[in-house]
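Step one of this worksheet: look at the structure below.
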Amino acid sequence: MSHIKLFIPGPIEVSEKTFRAMCTPMIGHRGSEFKKLYGDIQPRLKTLFGTQRPVFLSTSSAWGVMEGAIRNLTIKKVLNGMCGAFSDKWFDVSKRCGKDAEALQVEWGQSIEPEMVRAKLSEGGFDTFTLIHNETSCGVRNPLPEIAAVLREFPDVLFIVDCVSSFSTQSIAMDELGIDVLLTGSQKALALPPGLALFAVSERAMKRAESIKDRGYYFDFVEFAKNQEQDMTPSTPAISLIYALQSKLDDIFTEGVDARHSRHAALNAQVHEWVSARGFEFFAPEGRRSLSLTCVKNNLDIDIASWIKRLREKHSFVIDGGYGKLKGKTFRISNMGDESSESIATLLAALDDTLE
Ligand SMILES: *Cc1c(COP(=O)(O)O)cnc(C)c1O
């Protein structure tokens, strides 16, 4: 089978080492071997989350926990920060959960700014706020520490943060910033196959969850906490993916967390340099651009779809041709996962070779 290498912003290329880890013989999920596996990854996950709280593993994609956070924490009204496809969808999901929800919407490609959050929360009535740190659909990176500072002015509002495409590519200090739920998924920045979501919940958010009636079962935070005490998950987890995660944590801590962050920043800069040198523009404003992917404006009016087709046929690489309504108007290049300056240079050369 030919190997098409993905440079789309998720799922991304998975290493052979990771796939091999998934082939570890199966174990029971209530036995000592599983508890050992679960316990083994906790300290490193806590380090990456910047928290003293336990890190829960959900056998679902990120959306399971994104929906779960709403069901576990919103009683009065949720404010959804919206600046792209995923964050817009979270508003829709909140309403589908039967919650009172309000939109804090900016145009796709623009960022959520701290003063907007302050102005909206000052109107009162909210008890939860959702933010996507790195809006993957349009390459916007929202100013998380500055927004977190605003949230600390509103102690009744729980702060729910999706860092699906930024987790482990830069430092996100959950406890220090006062984040109440920090969640991510396996198939983006962690370079694992899809199917696992990871999240941590603050103590006060856990108290709120305990006071809510209709949390359901599968994403009930209280169930996760109860099982966590025994190094277990509420239902049968994707054990193979947890072996893959353990292997990936070995990779991350062998490289060093700081070195990993620097590598992602450097690779991102390498893509940015190419973008500017070719006369393309960025979709997001300076200072608000993602470090793990690049969303490029099609200001040169090229035929993106046929370019991507040539790239795939000739070089077996795939980049993304624009998300949803941005199809054809933007393209996106991921620098997440295990990429190196050599592998990014190879991709950029292939982009040049196929760009007409
Ligand atoms: C991909 C993505 C999601 C959704 O993840 P699923 O794995 O499809 O549930 C949510 N948020 C962000 C920022 C993403 O990039």
Side-chain angles (χ1 to χ4, degrees), residues 6-14 49 56-71 78 80-94 96-97 104-106 108-112 129-144 147 159-170 172 179 181-200 218-219 237-238 241 244-245 248 264 268 283-284 288-295 318-326 330-337:
L6 298 181
F7 284 92
I8 59 174
I12 64 165
E13 172 82 355
V14 175
F49 271 75
F56 302 135
L57 304 178
S58 168
T59 298
S60 67
S61 78
W63 270 117
V65 178
M66 292 164 80
E67 175 171 321
I70 301 294
R71 294 194 63 187
V78 57
N80 302 109
M82 296 153 67
C83 62
F86 293 105
S87 47
D88 283 16
K89 182 88 189 163
W90 217 345
F91 175 57
D92 178 40
V93 168
S94 301
R96 290 194 201 194
C97 290
L104 173 55
Q105 176 92 66
V106 298
W108 284 26
Q110 298 302 304
S111 54
I112 306 289
F129 173 61
T130 68
L131 181 76
I132 289 190
H133 175 223
N134 199 55
E135 180 42 90
T136 318
S137 62
C138 47
V140 168
R141 187 169 55 122
N142 288 306
L144 180 58
I147 293 173
F159 188 22
I160 306 168
V161 178
D162 161 326
C163 66
V164 171
S165 60
S166 53
F167 181 72
S168 84
T169 70
Q170 67 168 98
I172 301 171
I179 294 170
V181 176
L182 186 64
L183 70 98
T184 188
S186 54
Q187 81 275 24
K188 305 269 171 86
L190 279 172
L192 302 175
L196 197 64
L198 299 83
F199 68 108
Y218 197 70
F219 297 107
L241 280 171
L245 174 61
K248 178 52 66 185
H264 280 94
N268 190 252
F283 192 66
R288 296 290 181 259
R289 291 172 196 154
S290 165
L291 292 174
S292 58
L293 69 120
T294 306
C295 185
V318 180
I319 62 166
D320 172 82
Y323 194 106
K325 66 184 181 188
L326 298 178
T330 61
F331 59 92
R332 296 179 301 161
I333 302 169
S334 162
N335 61 272
M336 299 176 208

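One-based numbering, in listed order, for ligands and for the atoms of each. As the structure is a computational prediction, the values presented were derived from the model and not from experiment.
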Subject >> Thr130 side chain near Ser87 side chain, heavy-atom distance below 4.5 Å >> reply: no
Original post:
Can you find an N or O of Gln187 that's nearer than 3.5 Å to an N or O of ligand 1?
Top reply: yes
Original post:
How far is atom 2 (C) of ligand 1 from its nearest protein heavy atom, and which residue and atom is that?
Top reply: Lys188 NZ, 2.5 Å
**OP:** Report yes or no: is the cationic atom of Lys188 (NZ for Lys, CZ for Arg) closer than 6.0 Å to the six-membered ring centre of Phe86, at no more than 45° off its axis?
**Re:** yes
**OP:** Going by heavy-atom distance to atom 5 (O) of ligand 1, choose the closest among Ala62, Pro9, Ala197.
**Re:** Ala62
**OP:** Answer with yes or no whether the side chains of Ser292 and Thr169 bring together a donor and an acceptor at under 3.5 Å.
**Re:** no
Original post:
Can Gln170 and Arg141 be counted as having a side-chain donor-acceptor contact under 3.5 angstrom?
Top reply: yes
Subject >> Ligand-side contact atoms (ligand 1) for residue partner Ile132, heavy atom cut-off under 4.0 Å >> reply: 13 (C)
Original post:
Should the proximity of Trp63 to ligand 1, defined as any heavy atom under 4.0 Å, be assigned to the side chain, the backbone, both, or neither?
Top reply: both
Subject >> Residue selection (non-hydrogen contact nearest atom 15 (O) of ligand 1) among Thr136, Val65, Leu293 >> reply: Thr136
Original post:
Does Thr136 offer a backbone N or O that forms a donor-acceptor pair with the side chain of Arg332 under 3.5 Å?
Top reply: yes
Original post:
Is the shortest heavy-atom distance from the side chain of Phe199 to the side chain of Ser58 under 4.5 Å?
Top reply: yes
Subject >> Heteroatom distance test (Glu135, ligand 1): nitrogen or oxygen, under 3.5 angstrom >> reply: no
**OP:** Note the single closest protein heavy atom to atom 9 (O) of ligand 1, along with its residue, its atom name and the distance in Å.
**Re:** Ser61 OG, 2.5 Å
**OP:** Please confirm whether Met66 comes under 4.0 Å of ligand 1, counting heavy atoms of the residue only.
**Re:** yes
Subject >> Interfacing atoms of ligand 1 (cut-off 4.0 Å, heavy-atom, Asn134) >> reply: 13 (C)
Original post:
Taking the side chain as C-beta and beyond, is there a heavy-atom pair between Pro9 and Met336 under 4.5 Å?
Top reply: yes
Original post:
Would you say the side-chain atoms of Asp162 pair up with the backbone N or O of Leu131, donor to acceptor, closer than 3.5 Å?
Top reply: no
Original post:
What residue and heavy atom of the protein are closest to atom 11 (N) of ligand 1, and at what distance?
Top reply: Asp162 OD2, 2.6 Å
